[in-house]
Amino acid sequence: MVLQTDFLLQRLTQQLMQREAAGTRRHLTVAEAGRVDFSSNDYLGLAQHDMLQAILQRAITEKSPPAAGSTGSRLLTGNSAAAEMLETQLATFHRAEAALLFNSGYAANLGFFAAVPRRGDTIFYDEASHASVKDGIRGSFATAFSFRHNDLADLERRLSRATGAVFVAVEALYSMDGDQAPLRELAAFCQQRGLYLVVDEAHTNGIYGPRGEGLIVELGLESAVFARILTFGKALGNQGAIIAGPQVLREYLLNFSRPFIYTTALPPLAIATLAAAYELLPTMQTERQRLFALSDFLKTKLNAVPGLHVPAASHIIHPVFFTASPGPAHVRAVATTAQQANFDVRPIVAPTVPAGTERLRLIVHSYNTEEEIEGLAAVLGRLGG
């Protein structure tokens, strides 16, 4: 038994050493206070919004403040009238028939794809889809095929392999490239062929739409999408997610989705926080407009720096590629130097992105300024791209 344990520890150590040698080993870091934020997903600043903090404080000091813990799964002791009310409100807000809460966007994607597509069904997913979508697909008994990123012609070529119910999985805004899916074209494509379109709106919830309802609502495609995964860990500044779709989908998920059934529910305090964030969201049109303007400003400034390239298609999330000395070591070194200059930027390397596509991943927020963007561009310019 000791020898077996030694063998396993050696194997784990060897794999870590291989990552270290390749410059792709991951480490936990703590963001230093005071750095200019070009890294977090708190697009609108809701995680630190004064009014949200006041609403939370009011909830805590009420005669019956929300409990810190939920005490169990939703199907046992963890359900509450507040959770069900929030689901009803969010279904209405996002113009869906029904919604079901999950503890994270990862759990929601895992819970949908491992439960809804069954043996004999087929899933086609964009090759740039988030790891949570791919992990959910691995947990399904359905057959799955990837198609080239945002390439409807490639998707159509692969349809000859389809059997059963056919699902098409995409992200409204891709988390590493910052580009949007061609949602209008995809919706028409799926409707014409009787396919079920599933859209992850992790990075568009709260940002797009007249009141922050998401890109699907902004485009008027609610009826053309079978299910939306709308997460709260980005623009909402919170945690959790909902799957929005038909009422029968909600009922099916609470009966068959293991990440929903077998996990402790979001605590009442988290539910109160989410309700407060959604109370504020419709009032933040100015912040959303500023976010888009700063996003365009950053892209223009960085593309003027020799040796840097930011794709024209990126929105809010901006991958910064290097024309000289690409590779994980260079990207990490640039990020470290930028951090030393008081800018919180992060390197993205394999296996998160394919080897050879290493990048900085810059995220713009409504609370950033043009001066901060100019300062970052100057730092990156001194590094020579």
Side-chain angles (χ1 to χ4, degrees), residues 41-42 47 68-80 82-84 86-91 94 96 98-118 123 125-126 129-142 144 167 169-176 196 198-206 214 216 225-246 248-275 277-278 352:
N41 291 321
D42 187 22
S70 61
T71 77
S73 70
R74 289 281 301 279
L75 290 168
L76 295 177
T77 62
N79 195 30
S80 66
E84 293 191 358
L86 180 63
E87 287 172 332
T88 300
Q89 291 172 343
L90 296 192
H94 291 289
L100 186 66
L101 281 165
F102 283 77
N103 285 22
S104 68
Y106 190 100
N109 273 320
L110 199 67
F112 178 90
F113 287 102
V116 179
R118 306 306 299 161
I123 306 168
Y125 63 97
D126 190 294
S129 293
H130 192 267
S132 58
V133 173
K134 295 174 181 177
D135 287 353
I137 289 170
R138 289 191 187 101
S140 171
F141 290 106
F167 300 84
V170 300
E171 294 182 43
L173 180 72
Y174 285 89
S175 59
M176 289 297 136
Y196 296 97
V198 183
V199 181
D200 184 331
E201 285 218 66
H203 293 279
T204 54
N205 185 25
I216 295 298
V225 177
F226 177 67
R228 281 172 279 163
I229 290 81
L230 295 142
T231 70
F232 311 138
K234 280 72 176 178
L236 271 296
N238 277 269
Q239 72 174 93
I242 54 167
I243 296 179
V248 67
L249 174 62
R250 181 184 188 277
E251 294 300 315
Y252 182 89
L253 289 168
L254 69 85
N255 276 276
F256 292 96
S257 179
R258 296 168 73 88
F260 174 84
I261 297 167
Y262 296 111
T263 194
T264 300
L266 286 170
L269 188 58
I271 300 297
T273 307
L274 286 168
Y278 268 95
T352 301

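Keep in mind it's a predicted model, so treat the numbers as computed, not measured.
Annotation: side chain of P117 is not in contact with side chain of F141 (no heavy-atom distance under 4.5 Å). Counting heavy atoms from C-beta outward, L253 and V116 have side chains that approach closer than 4.5 Å. The shortest side-chain heavy-atom distance between F260 and L75 falls under the 4.5 Å cut-off. For the pair T231 and H203, the minimum side-chain heavy-atom distance is 4.5 Å or more. I242 places none of its side-chain heavy atoms less than 4.5 Å from the side chain of F102. In this structure the side chain of P246 reaches within 4.5 angstrom of the side chain of L249, judged on heavy atoms.
Between the OG atom in S140 and the CG atom in D135 there is a gap of 12.5 Å [rounded to 0.5 Å]. The distance from the CZ atom of R74 to the CD1 atom of I261 is 12.0 Å, given to the nearest 0.5 Å. Distance check, rounded to the nearest 0.5 Å: CG of L266 to OG of S80 gives 9.5 Å. Rounding to the nearest 0.5 Å gives a distance of 6.0 Å between CZ of F167 and CZ of F226. Atom CG of L76 and atom OG1 of T71 lie 9.0 Å apart (nearest 0.5 Å). If you take CZ on R258 and CG on L110, they are separated by 10.5 Å, rounding to the nearest 0.5 Å.
We find that K234 and E201 are not joined by a salt bridge, their nearest charged nitrogen and carboxylate oxygen being 4.0 Å or further apart.
Side-chain atoms of N103 come within 3.5 Å of backbone atoms of T264 as a donor-acceptor pair (strictly under, hydrogens ignored). In terms of modelled atom types and a separation under 3.5 Å, the side chain of E171 and the main chain of H130 share a donor-acceptor contact. For the pair T77 (side chain) and S73 (backbone), a donor-acceptor distance under 3.5 Å is absent. The closest donor-acceptor contact from the side chain of Y262 to the backbone of S257 lies at 3.5 Å or more, if one exists at all. A side-chain donor-acceptor contact under 3.5 Å links S129 to the backbone of D126. No donor-acceptor distance shorter than 3.5 angstrom exists from the side chain of R250 to the backbone of L100, with no hydrogens or angles considered. Within the 3.5 Å criterion, the main-chain N or O of E251 finds a donor-acceptor partner in the side chain of N255.
Shortest non-hydrogen contact noted between P259 and A107 is CB-O, 3.7 Å. What you find for P268 and G69 is that their closest heavy atoms are CD-O, 3.5 Å. Between S70 and A265 the shortest heavy-atom distance is OG-O, 2.7 Å. N238 and A277 make their closest contact through ND2-CB, 3.5 Å (heavy atoms, listed as atom of the first residue, atom of the second, distance). Here the closest non-hydrogen pair linking D42 and A47 is OD1-N, 3.1 Å. Of all heavy-atom pairs spanning F232 and L236, the tightest one is O-CB, 3.4 Å.
Atom OH of Y196 sits in a sparse spot, with 12 or fewer heavy atoms from other residues, nucleotides or ligands closer than 6.0 Å.
Shown are V133, V198, N205; of these, the side chain to side chain contact (heavy atoms under 4.5 Å, CB included) with I229 is made only by V198.
Aromatic pair Y278/H94: ring centres closer than 6.0 Å.
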task: Just do the side chain to side chain contact (heavy atoms under 4.5 Å, CB included) check on I243 and R228 with the steps written out, would you?
output: CA-CA 6 Å; I243 296 179; R228 281 172 279 163; over 6 Å; no

